[in-house]
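One structure below.
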Amino acid sequence: MIPPRYFALIPAAGVGARMGAAMPKQYASLAGKPMLRHVLDTFAGMEAITHTFAVVGGSDGYIDDLMRNGPSLAGRVTIVRDGGDTRRQSVLNGLLAMRPQIADDEWVLVHDAARPGLSAGLAVRLIEALHADDVGGLLALPIVDTLKRSDGAGRVDATVPRDGLWAAQTPQMFRYGLLRKALEAAAEVTDEASAIEALGLTPRLVPGSPRNLKVTLPDDLALAELYLKALND
Ligand code: C5P
């Protein structure tokens, strides 16, 4: 029997408006290299990952330098220059480009370019937890803060019970055929798991790590850098 294969898909076609920076946030440098390069190096260095695809915008002017600077990623990473208007569309375009290399029952790990703190150890934890799962799932963290809903005018409207609430991270890992069907059928979604849930399925929650934070605001860069410089998974 051929062992199951795992592919990484990195949507990296966003503009990162909330960072307020000159370049898209996936190219912001931390700990010596762009965020996207951290992510590509992590997946390219993993024996468990057969191949990695990254989706960038059609007129992206940064990706060639990123691929040139540093150890060669040739043969391990394919750049798909076909980003969409939304994350969902970028992921779908990536899935389309992967089609010749992947079978419907093989696994795709979709990971944000803006989460440079993912370690190989965390990605392996996800694969080990899900390789025999019928649905698939995602890294996520239980919510520890007390949650408040705003009234829209800077005051508390209500306290939201946090029981059972988790914050979704990536990678989100699903079989190719199911993921493509779910995203094609979905209305706009902010992650892959939501599209799978819309089919009535229940993705598994696998404990992630604070180091796998999403860099969204300028202060997040410094925090992500601290985690990257620390040795622990
Ligand atoms: O903007 P946000 O942080 O939610 O983006 C999450 C990921 O989706 C980032 O890696 C971003 O580059 C990617 N994205 C994309 N195409 C878009 C919008 C976002 O690939 N149109």
Side-chain angles (χ1 to χ4, degrees), residues 7-30 33-44 49 52-67 73 77-98 108-119 122-123 126 138-141 166-174 179-180 182-184 186-196 203 208 210-225 227-228:
F7 294 78
L9 174 56
I10 320 297
V15 292
R18 283 168 292 183
M19 285 288 283
M23 61 175 62
K25 69 176 170 181
Q26 56 272 30
Y27 294 107
S29 180
L30 74 167
K33 56 187 182 185
M35 283 203 270
L36 175 58
R37 181 76 206 213
H38 282 279
V39 169
L40 296 182
D41 286 346
T42 298
F43 283 113
I49 299 294
T52 296
F53 295 80
V55 182
V56 302
S59 57
D60 184 307
Y62 300 96
I63 189 68
D64 293 332
D65 277 350
L66 178 141
M67 292 297 280
L73 296 172
V77 174
T78 297
I79 302 299
V80 180
R81 294 168 195 270
D82 190 20
D85 287 343
T86 62
R87 177 207 158 92
R88 168 182 160 273
Q89 195 58 53
S90 295
V91 172
L92 269 173
N93 293 354
L95 290 174
L96 205 64
M98 296 165 81
V108 184
L109 283 78
V110 183
H111 183 66
D112 287 335
R115 293 185 187 273
L118 179 74
S119 62
L122 264 177
L126 184 71
L138 64 151
L139 289 180
L141 274 184
W166 292 58
Q169 298 188 334
T170 66
Q172 304 205 350
M173 174 173 152
F174 298 99
L179 180 58
R180 193 158 156 197
L183 286 174
E184 279 171 353
E188 221 31 74
V189 284
T190 52
D191 72 350
E192 290 63 51
S194 315
I196 302 285
R211 66 167 280 151
N212 189 26
L213 78 159
K214 183 160 84 169
V215 174
T216 304
L217 302 170
D219 283 352
D220 300 334
L221 266 179
L223 186 56
E225 187 152 45
Y227 277 120
L228 275 170

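We count ligands from 1, going down the list as the structure has it; atoms in each ligand are counted the same way. Keep in mind that what you see is a predicted model, and the values were worked out from it rather than measured.
Counting heavy atoms from C-beta outward, Asp60 and Tyr27 have side chains that approach closer than 4.5 Å.
Taking each of Ser90, Gly94, Ala114 in turn, the one with a heavy atom nearest to atom 16 (N) of ligand 1 proves to be Ser90. For atom 21 (N) of ligand 1, the nearest non-hydrogen atom from the set Ala54, Gly14, Gly83, Gly84 comes from Gly84. Relative to atom 20 (O) of ligand 1, the option among Ala13, Gly57, Pro24 with the closest non-hydrogen atom is Ala13.
Of the protein's heavy atoms, Arg18 NH2, 3.8 Å lies nearest to atom 1 (O) of ligand 1. For atom 6 (C) of ligand 1, the nearest non-hydrogen atom of the protein is Asp112 OD1, 3.5 Å. In terms of protein heavy-atom proximity, atom 8 (O) of ligand 1 is closest to Arg87 CG, 3.6 Å. Regarding atom 13 (C) of ligand 1, its nearest protein heavy-atom neighbour is Pro11 O, 3.4 Å. Of all protein heavy atoms, the one closest to atom 3 (O) of ligand 1 is Lys25 NZ, 2.8 Å. Shortest contact from atom 4 (O) of ligand 1 to any protein heavy atom: Lys214 NZ, 2.9 Å.
The CG atom of Asp65 sits 11.5 Å away from atom CZ of Arg37, with the distance rounded to the nearest 0.5 Å. Between the CZ atom in Arg180 and the CD atom in Glu192 there is a gap of 14.5 Å [rounded to 0.5 Å]. Rounding to the nearest 0.5 angstrom, the gap separating the CE atom in Met67 from the CD1 atom in Ile79 is 4.0 Å.
Using modelled atom types, one finds no donor on one side chain facing an acceptor on the other under 3.5 Å when comparing Asn93 with Ser90.
At a 4.0 Å cut-off, at least one heavy atom of Asp85 sits close enough to ligand 1 to count as contact.
By the criterion of a heavy-atom distance under 4.0 Å, neither the backbone nor the side chain of Val91 is placed next to ligand 1.
Taking a cut-off of under 4.0 Å to the non-hydrogen atoms of Ala113, the atoms of ligand 1 that pass are 10 (O).
In summary, of the residues considered (Leu95, Thr52, Val80), a side-chain contact (heavy atoms from CB on, under 4.5 Å) with Leu9 occurs for Leu95 alone.
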